[in-house]
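The next block holds one structure in the form of structure tokens; read it before the comments.
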Amino acid sequence: MLSAKMSLKRSTMDKYEALRKYFGYDTYRNGQETLIDAILNGRDALGIMPTGAGKSICYQIPALLLPGVTLVVSPLISLMKDQVQALNQAGIHAAYINSSLTENQISKALALASKGQYKIIYVAPERLETFGFLEFARCADISMLTVDEAHCISQWGQDFRPSYLKIVQFVNGLEKRPIISAFTATATEHVKEDIVCVLGLLNPRILVTGFDRKNLYFAVETPRKKDAYVMEYISAHPEDSGIIYCATRKNVDALYDKLRLSRVSVTRYHAGLANEERRLNQEDFIYDRRPVMIATNAFGMGIDKSNVRYVIHYNMPQSIENYYQEAGRAGRDGEPSECILLYSAQDMMINRFLLDNKEQNPEMTDEQNEAVRERDERRLQAMNYYCLTTNCLREYILNYFGEYGSGPCGNCSVCGQDYDTADMTEQAKKVIACISETRGRYGINVIAGTLSGNDRAKLREYRVSSCQSFASLSDMNEIAIKQLINHMLVEGILDVTKDKYALLRLTGRAREVAGGQRAVIVKKPKNAAAAGSQPKASARRSDILNSRGLELFDRLRKLRAQLAKKEALPPYLIFSDKTLVDMCVRLPLDMPQMLGVSGVGQNKYERYGREFLDEIKNFTNGKQEKLYFGDAGEADLFLAAQSKTRAKKEDFYITKERAQDFPYAEKYYVTEIAEKLNGLRDAETVKKLSGAEIFRNMQSKGYADEKYMDGLRRKVVFEAGKEAGLFIDMRTSQKGTEYEDIFYNEKAQRMIVMEYVRA
């Protein structure tokens, strides 16, 4: 065994050589170098980076360059297997140790590791406390311990695993403390603090690169028949691989049977299936033998399949954290992909039932379990509001994780819809009066029934007909009243209790509405028929290729499939679609040219490069030709743009010439300014500007703000804002309600216009 004092020599290779040789890339992505440099300088690190941002390279490159071995604690067997396969394909010696191996296999792996055979070892957290592994760890030179899916260590994380707490005990038992690095894709501020505290990170370099996945399109749809929607979607995307998540095993099985009878190449995954069947079904999906997977949330964590083009949620998940993690399994290769949630009111009932029957953690006190239950209820409410909001879906998700100021994305189902607005302040006042009169004792169903004047037995039992507010909204049906109440919940005018009963409560904003200081404006789709329609076809990286280029691309994919079958590997572990498209653009005809293709490292070339070169030479007769649209520079720009975002629209701006057409007036409020500016932009290439974005700009300049005063939330203008032309005045809604708002005189309007002018 290696002595802890006998450190292996540090690699003489630098981080750029390692990236090119093993992974085939010339440059690092956003944030990767920052974390790599911190680790190589002996500093602990925490990286919170979205799925597909390249978290694994942040610890794999340092693992190659540090003198000893790196242990990677990972929660799932499938994750370890995928990562180790990918590393071995790249020419990096790696191994995993978990319950899928026999004791003899584990002993052999540890013996090889003790001789320096592996630079990276993936291990399940439970394995850290076993005698054999502890013996190995006490003698090995462990340079770094990496915690993958680090949110699992927090009791406030969506996937808390008590076994992760064993990591701290393990580190404390080592003779020499290694560098500790931790990575996750989803962490609220509370969870981030938990990770740092529980892991005991020392002066860590913390990097949050943002949660946005620009290549993902988000949509919430409310089809009357979910099965028909799914069938139509799959029929429209026959070549694509996708995951369909259902809340229950029953839904998985029922949808699986329907699709299978329709001759869809589909498989399924849930905890009710035998272990061997789950394993085979997962492999069928990963190896593209069956490109459609229907599963409960038991499937997917750590699945590194890069070419998943869509994730459909048949039912609403229990939290934004769960949704974003599951939806994030689409488009890991950076290609445009779609995340669609099929919503129905029944989803709340299903999820409440699942929460009510959730097993309590025996390692936590009753008070802690109750706190977790309240937290879960809050998360469920936030998820429900996501499905109900008429504001940008991406912005809602980013705000949830504490990332503000993004503005409408132009790449979600809400941003792609035109809306009419209706002033429903008077109706909202009646909702508020009803909740106040009934003293907050009821939930949405009883309040909606009372307001509509319903005479069902449950309401007679509660004697709500004696309330002054009974039937005060009899001109609206209960569905419309519930939609209004949901809008008020999303806007923070109402709240619900933190328990399973979800009783309606009034907030400070409700008092503003009741007092005439706040209007309730509801957005409704202009074209109701468009709701529930299928998303538009995505632009793909291969769109740069002409007909000859697409023919070669298809031949390269078939060659990749043959090699994958021969070596029993998922096709994406050989080369990604991005790499194959780059081959079609560059048409490499020798080794140096092939090594210049994105994603082709030295080891990958030695394994597969010659066969792909031969295929390209046979197709082109060894001659260079142009297999893409535009010139070479345009091809490079297209590939770069498609790797960043599906939406081609730029952030809002107007030209100097168009700015001259702005219709200045004595005063405007902020949404009027945004509306006038949007009319001057190039709608085909430039995103819309929102009034909220303009107001955030005023806040950042110290001109104005929103503050709680006397229990009410009011807008205020500071001295600097008054000098710039902002002032408070009364505004009247369409229904005649008066309330205070900030107005902008011509001086302020000119200042705002000039901020968005681009030469």
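The structure presented is a predicted model; accordingly, all values stated were derived computationally and were not measured. Side chains included, hydrogens not; waters and symmetry mates left out as well; all remaining heavy atoms used.
Salt bridge present: Lys15 and Glu33 bring a charged side-chain N and a carboxylate O closer than 4.0 Å. Using a 4.0 Å cut-off between a side-chain N of Lys or Arg and a carboxylate O of Asp or Glu, Asp333 and Lys305 do not qualify as a salt bridge. Salt-bridge check for Glu126 with Lys166: failed, with every basic side-chain N at 4.0 Å or more from each acidic carboxylate O. A salt bridge between Glu135 and Arg138 is present, with a side-chain N of the basic residue lying under 4.0 Å from a carboxylate O of the acidic one. Taking 4.0 Å as the cut-off between side-chain N and carboxylate O, Glu377 and Arg373 count as a salt-bridged pair. Under 4.0 Å is where a charged nitrogen must lie from a carboxylate oxygen, and between Arg43 and Asp37 no such pair does. By the 4.0 Å N-to-carboxylate-O rule, Glu149 lies too far from Lys55 to be salt-bridged with it. For the pair Asp44 and Arg205, the salt-bridge criterion is not met [side-chain N within less than 4.0 Å of a carboxylate O].
Rounding to the nearest 0.5 Å gives a distance of 12.0 Å between CG of Leu110 and NZ of Lys115.
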Kindly determine whether Phe211 and Tyr324 satisfy ring pair (Phe, Tyr, Trp, His ring centres under 6.0 Å), including the steps that lead there.
-> CA-CA 9 Å; Phe211 296 90; Tyr324 203 48; 7.2 Å; no
Given ring pair (Phe, Tyr, Trp, His ring centres under 6.0 Å), test Tyr269 with Phe299 step by step and report yes or no.
-> CA-CA 6 Å; Tyr269 190 106; Phe299 174 80; 5.2 Å; yes
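Test Ile36, Ile179, Asp148 against Tyr59 for side chain to side chain contact (heavy atoms under 4.5 Å, CB included) and you get one pass: Asp148. Among Val147, Leu46, Leu35, Leu207, the one residue that satisfies the side chain to side chain contact (heavy atoms under 4.5 Å, CB included) test with Phe183 is Leu35.
Checked against the 6.0 Å centroid criterion, the rings of Tyr386 and Tyr323 qualify as a close aromatic pair. Tyr245 and His313 have their aromatic ring centers within a separation under 6.0 angstrom.
Heavy-atom minimum distance, Ser154 versus Asp194: OG-OD2, 2.7 Å. Across Asn322 and Pro317, no two heavy atoms sit closer than the pair CB-CB, 4.4 Å.
Side chains of Glu321 and Phe401 form a contact here, defined as non-hydrogen atoms less than 4.5 Å apart.
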